[in-house]
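The structure under discussion appears below in the form of structure tokens.
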Amino acid sequence: MPKTLAEMLGSPMLAVATGLGGVMGLLSFNALFCIYLERKISAWIQRRMGPMEVGFHGMLQTVADMVKLLGKQLITPKGIDKPLYHLAPLVVFAPVVAGTSLMAFSGSFALHHIDLGLVLVFTFGGFAVLGIFMAGWGSNNKYALLGAMRSVAQNISYEIPLLLSALSVVMLTTSMGRTVTVGDETVAVQGLNLFHITMVQMDRNVWFIVLQPVAAILFFIAVLAETNRAPFDIPEAESELVAGFHTEYSGMRFALFFFGEYSNMLIGCMVATTLFFGGWSGPLLPGPVWFFLKSYALMAVMMWVRWTYPRLRFDQLMRFCWMVMIPLSIVNLLVTAFFLKVF
Amino acid sequence: MTHEAPKDTVAPALDGLTTSSEPSDPAKDGFHVRHVATADRVVELARRFDEAGYFLEMITAEDRRGDLEAMRLVYTYNRYGEADRHLVLVDLSSEIPGASAPSCVPVFPAADWFEREVFDMYGITFDGHPDLKRILLPDDADFHALLKDFGRIEDAPPEEDPPERELTV
Amino acid sequence: MKTPNPIDLAPASAPEDEMYYLNMGPQHPSMHGVLRLLLKLHGEEIITAEPVIGYAHRAHEKMAENRSYIMFLPNTSRVDYLSGMIYNLAYCEAMEKILDIEVPERAQYIRTIANELNRISSHLLWFGTFLLDLGGVTPFLYCFDDREEILEVLDRVTGSRLTYSYGRFGGVTMDVDDAFLDGARAVLKRIRERIPMYLSLVHDNVIFRERCDGVGVMTGDLLRKYGITGPPLRAAGVAYDVRRAEPYGIYDRFDFEIPTRTAGDCMARFEVRVDEMEQSCRIVEQAIEGLPEGPIMPGRMKKRFKPPKGEFYFAVESARGHFGMYIVSDGTDNPSRIKLRTPSFSNLSSMPEVLRGTFVADTIAIVGSIDVVLPEIDR
Amino acid sequence: MAYLGRILHGFKTLLTGLRITGRESMRKPVTLTYPHVEPKLTGAYRSAIKLIRFEEMDSHDCVACLACEQICPSFCIKIDGGKIEGIKKKRATLFEMDFALCSLCGLCIDVCPTDTLEYSRLYDEAGYDRDWNMDLLEEFRDFEPTFIEQQREREEKEAAAKAAKKAAAAKAKAEADAKKAAEAEKAGGDAPKSGDAPKSGEAPKSGDAPKSGEGSAS
């Protein structure tokens, strides 16, 4: 079982401070790196070069961009709903920090060690839509409102296949998992614990993507939709809604949304890594390295997908969810249950 | 939004509607038939062309107050298929504002924008047009740009001497 | 999973206070320049749509009246900056017909090659921007890469990339050399190699199909009533192409087909344009094959042209449809009136009827699929 | 089953898309890193016009006929000049062009009777002003007095040569006339009209591209 930060440092307050700092640092680096990665991947796919001028191969480009965004005037439009408008970037950003701190980076170390980790991650993930809706409504802009409406419908719908496909993994973990002795009772390990999900895969020497390929694909698609990535980026569809829910945001407020989006992607990929790709397990390299390698590989696939497809229409997106994703994930769940019961 | 299938084109029956109709040489001027008509026949002509399966290629106007003392409306009809372009010239009174013609919009919705453009550029009004307003020029413009007495180069105020400047080579 | 026609979903009588107006444009990422759509919406469904144009009005027709015929020449390629060559040469051909100037054979062939290369480049750009409208960025850049090749080849003889003033009354300004012809052949080869790639990347893609199949249907009498021409017309099964209906230049010498579809939706318009690229390739190929030796101008360019009095009309098939020039001469060397009948003007004027009952996302697809170029509409 | 089949087919098309973009990402970028590399200009490249320096006279040959000024659709050329003291040839004393207005149509080049205009190869010029006047005569100005002197000499030489040629021609003509008269007398009146036909068959040289730089000075 991993040690938590509080146990290692001996002081809960110190642990909170260090953990917060670490997560913020990770997410800031993630945003800068992802923007760079996104620009490079799109450039490669489109046979361009991407940023090349600032730093070696443009590596400092996103830093420069961030400095620019920090220096920009914050334009506050007239007629906004002030509390909502100002709170929205924070509401998008804060749950992401909480969500990241739950991740199972390595077998020997954790920020928190919570049995209901998976549930909490999804709960925090569900907050994003609230922030988006606040932004859309508070901006008092029709494009933003349309984007927010789309976003709400989309995120709420896609949460169902997301949870259902994760659930089939949880079922596997619970039935395949180790048992621990608590007092004089022998109980199965919690399948909702992110560390346990990884450890079961390590014990059995199998990644759950092998056992649950359909769930993996469904989960990945649902993550794309949950993080508003193309081809499901209709809340910010730039060719229709200009910039969607963040049309009226500028400077650092806009940067926070951007931050939130990339952090959400990272969380989605980290959860997918944990659920389907064996988490931190891997030879030679230390656990966290493997964990981030897998996560960023998934991230790269998300970017690859984004730069390949056109965007779905709003009603098609919903139909895809209700007529393809949800039935398939339910069937997958039933089949999993059947096999677990029979074998 | 149901529409009938496109009609087969037939020769338009224009007997008696035009003041004059004479065949022309398309190799020379692009027209197969030239018609001259009066303003009150414009809609009926459009209807005949519509019945014959032609489409309204364009409506425009000319400021002929200089030589003909008239504003002239120009309609061309053509058909999908081998070209058969009919030119209809309609002379209106030379008074702007004042010159007007009936609108073809009920027959050809395509006339909507063309007539708005003619109104915009020449000030000719179309009776029965559903929404006759400016289309290309700003809504608050107080001129009709293609009238010959608007915007002539010789009317332009003399150009002021530009300030001293450095020459770049 | 067949897409139900969104038109059927449109609320027949939504309460007025549930509707709102959305001003799309003139500054909007996918309004192709400066189109403004005044949309009355119920949720995301369009109750009425009114295109507002004129933001790119540059008074070309007024300029024509204030200068001589030859001085209007550079204006023509600026009417439609994506198929400037077609417009430029159309004006030259119109004037040659009026002035009765014989164009040397070689110039005719060069013009055809230039025209068709320009048509391919225009279609490629349309292809890219259409995908951009639908949210796919990458095909856009692939198309630009290909288009760049064409522009480079045209640059070799015209010295410009978009606003070519290549034509002169009677011929063209510069003769083509072997490097140009090799370049043109290389372009054809490349386009033909790339089209299958585009088709499997875009046309077969399930998302693209969902977005285009059955969207923005324009069929039947609607087309004729609005005077729609070009690919939107051919996508509804009417094989009307000015190059066939009233051949100009030397188009009657070439073997090419007029691609048509019957569905009349965005997908049909897409397919028609892709097929047209192939047909243009064929024409260029034949023209390169038949390119004769000889002069490219009948003589030194004159300074003044005085056409006979009268009205003239000259039509060509631009990349967007039937482009007509109505020229009125009063016998002097200044035109009395030049009216440019641009295809997108009529095509766009049908939008209020076509857009009614669709979604905001479809609006973008439909306006994109009829390929409007606003400077051409506003002139 | 049709339902599943459709999903699988859709999924397959999506994978095809990924395959294509993945393949393209392996290819070399096509970007031209512009300020770091020089762009290739084609032979026909159009930029601001300039006056051609002809070798035989070591100067331009603008005779200030105003043809280009009059035909310019952008009204961006300003020329002054005319008769110069001492020589027959007319010369331009002012040739300014406002490049900010120029539309690069090339009508001035085509219409120039002495073919002394061509496109320059400027591609990275920037203007700092709404007026972007270029003085096309600047590079010729220092040489102008020398040119006038040389031109005067050339003209004198030419005139002398012309006079000599004229005299020779007159002489030859007189001789030929005499011969012809003699022949006519011999043949009895029906002299054959040969010599005309081959001349009319020559192709006009007008088909050449007007901007072929080495156009000879008149």
Side-chain angles (χ1 to χ4, degrees), chain B residues 1-7 24 26-31 34 50 53-64 66-67 72 74 76-85 87 89 107-114 116-117 120-121 131 134-139 145-146 148 150-153, chain C residues 7 50-54 57 59 61-62 65-67 94 97-98 100 217-229 233 236-240 242 244-246 310-315 322 324-328 330 336-337 339 341 345-346 348-350 352-354 356-357 377-379:
Chain B
M1 280 248 303
T2 50
H3 289 279
E4 309 153 36
K7 285 185 189 120
S24 179
K28 244 169 111 186
D29 59 9
F31 300 110
R34 290 165 170 265
D50 180 34
Y54 281 58
F55 72 95
L56 177 64
E57 206 167 59
M58 65 161 201
I59 301 176
T60 188
E62 293 169 43
D63 182 356
R64 298 296 282 266
D67 52 348
R72 173 174 273 184
V74 182
T76 65
Y77 295 94
N78 197 357
R79 64 182 178 196
Y80 297 139
E82 205 192 327
D84 183 26
R85 185 169 294 110
L87 170 73
L89 297 174
V107 188
F108 282 110
D112 185 346
W113 283 21
F114 284 126
R116 274 173 69 189
E117 193 191 333
D120 196 3
M121 294 298 174
D131 189 13
R134 287 184 180 271
I135 184 165
L136 293 179
L137 298 179
D139 287 338
L146 280 178
K148 288 281 182 200
F150 173 78
R152 287 182 303 183
I153 286 184
Chain C
I7 292 156
E50 190 196 342
V52 183
I53 59 173
H57 180 58
E61 291 171 7
K62 187 73 186 173
E65 295 176 13
N66 278 319
R67 55 190 58 210
K97 198 163 143 185
I98 296 170
D100 214 10
V217 179
M218 294 157 80
T219 47
D221 238 16
L222 170 106
L223 301 161
R224 193 174 60 80
K225 291 275 187 182
Y226 280 97
I228 287 167
T229 51
L233 178 71
V238 185
Y240 174 72
V242 182
R244 269 288 151 73
E246 40 184 333
E311 295 87 12
F312 305 92
Y313 192 97
F314 187 77
H322 175 118
M325 302 189 117
Y326 176 71
I327 300 174
V328 181
D330 55 2
S336 160
R337 169 96 172 101
K339 156 84 182 167
R341 190 267 182 210
F345 186 83
S346 297
L348 189 74
S349 75
S350 70
E353 192 164 338
V354 178
R356 195 177 303 137
I377 293 168
D378 294 344
R379 302 185 297 278

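Worth knowing before you read on, the calculation uses all heavy atoms, side chains too, and leaves out hydrogens, waters and symmetry mates. Letters A, B, ... mirror the listed sequences (proteins, then strands); counts begin at 1.
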Is [X] close to chain B through its backbone or its side chain, or both, or neither, when contacts mean heavy atoms under 4.5 Å?
X	answer
R244(C)	neither
S336(C)	both
P352(C)	neither

Taking R79(B)'s backbone N and O only, do any of them form a donor-acceptor pair with R224(C)'s side chain (distance below 3.5 Å, no angle check)?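 Side chain of R224(C) to backbone of R79(B), a donor-acceptor pair under 3.5 Å: no, none is there.
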Just how far is it from atom [atom1] of [X] to atom [atom2] of [Y], taken to the nearest 0.5 Å?
X	Y	atom1	atom2	answer
S349(C)	E117(B)	OG	CD	11.5 Å
E246(C)	E82(B)	CD	CD	9.5 Å
S346(C)	F114(B)	OG	CZ	3.5 Å
M121(B)	K339(C)	CE	NZ	8.5 Å
Y313(C)	N78(B)	OH	CG	7.5 Å

Just so I understand: if I count every heavy-atom pair under 4.5 Å between each of [options] and chain C, which residue has the most?
options	result
D120(B), V74(B), D63(B)	V74(B)
F108(B), W113(B), F150(B)	W113(B)
I135(B), D84(B), D112(B)	I135(B)

- Message: Between R337(C) and R72(B), is there a side-chain heavy-atom distance shorter than 4.5 Å?
- Response: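 No - every pair of side-chain heavy atoms lies 4.5 Å or more apart.
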How close do [X] and [Y] get, counting heavy atoms only, and between which atoms?
X	Y	result
G81(B)	A245(C)	O-CB, 3.1 Å
K148(B)	E65(C)	NZ-OE1, 3.3 Å
I377(C)	L136(B)	O-CD2, 4.2 Å
D29(B)	K97(C)	N-CE, 4.5 Å
L223(C)	Y80(B)	O-OH, 3.2 Å
Y326(C)	E62(B)	OH-OE2, 2.8 Å

Side chain from CB out, backbone as N, CA, C, O: work out which of these in [X] comes under 4.5 Å of a heavy atom of chain C, or both, or neither.
X	result
A111(B)	neither
L146(B)	both
P138(B)	neither
F31(B)	side chain
R64(B)	side chain

Note to self: T76(B) vs R341(C), test: side chain to side chain donor-acceptor pair (under 3.5 Å). Steps then yes/no.
What the structure shows: CA-CA 11 Å; T76(B) 65; R341(C) 190 267 182 210; over 6 Å; no
task = Just say parallel, tilted or perpendicular for the rings of F55(B) and H322(C), cut-offs at 30° and 60°.
result =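 If you compare the ring of F55(B) with that of H322(C), the planes turn out perpendicular.
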State plainly whether the residues K225(C) and D50(B) are in salt-bridge range, i.e. N to O under 4.0 Å.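 The answer is yes: the pair qualifies as a salt bridge.
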**Study point:** Max heavy-atom pair count under 4.5 Å with chain B, selected residue of D330(C), I98(C), L233(C)
**Key:**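 Highest number of pairs under 4.5 Å: L233(C).
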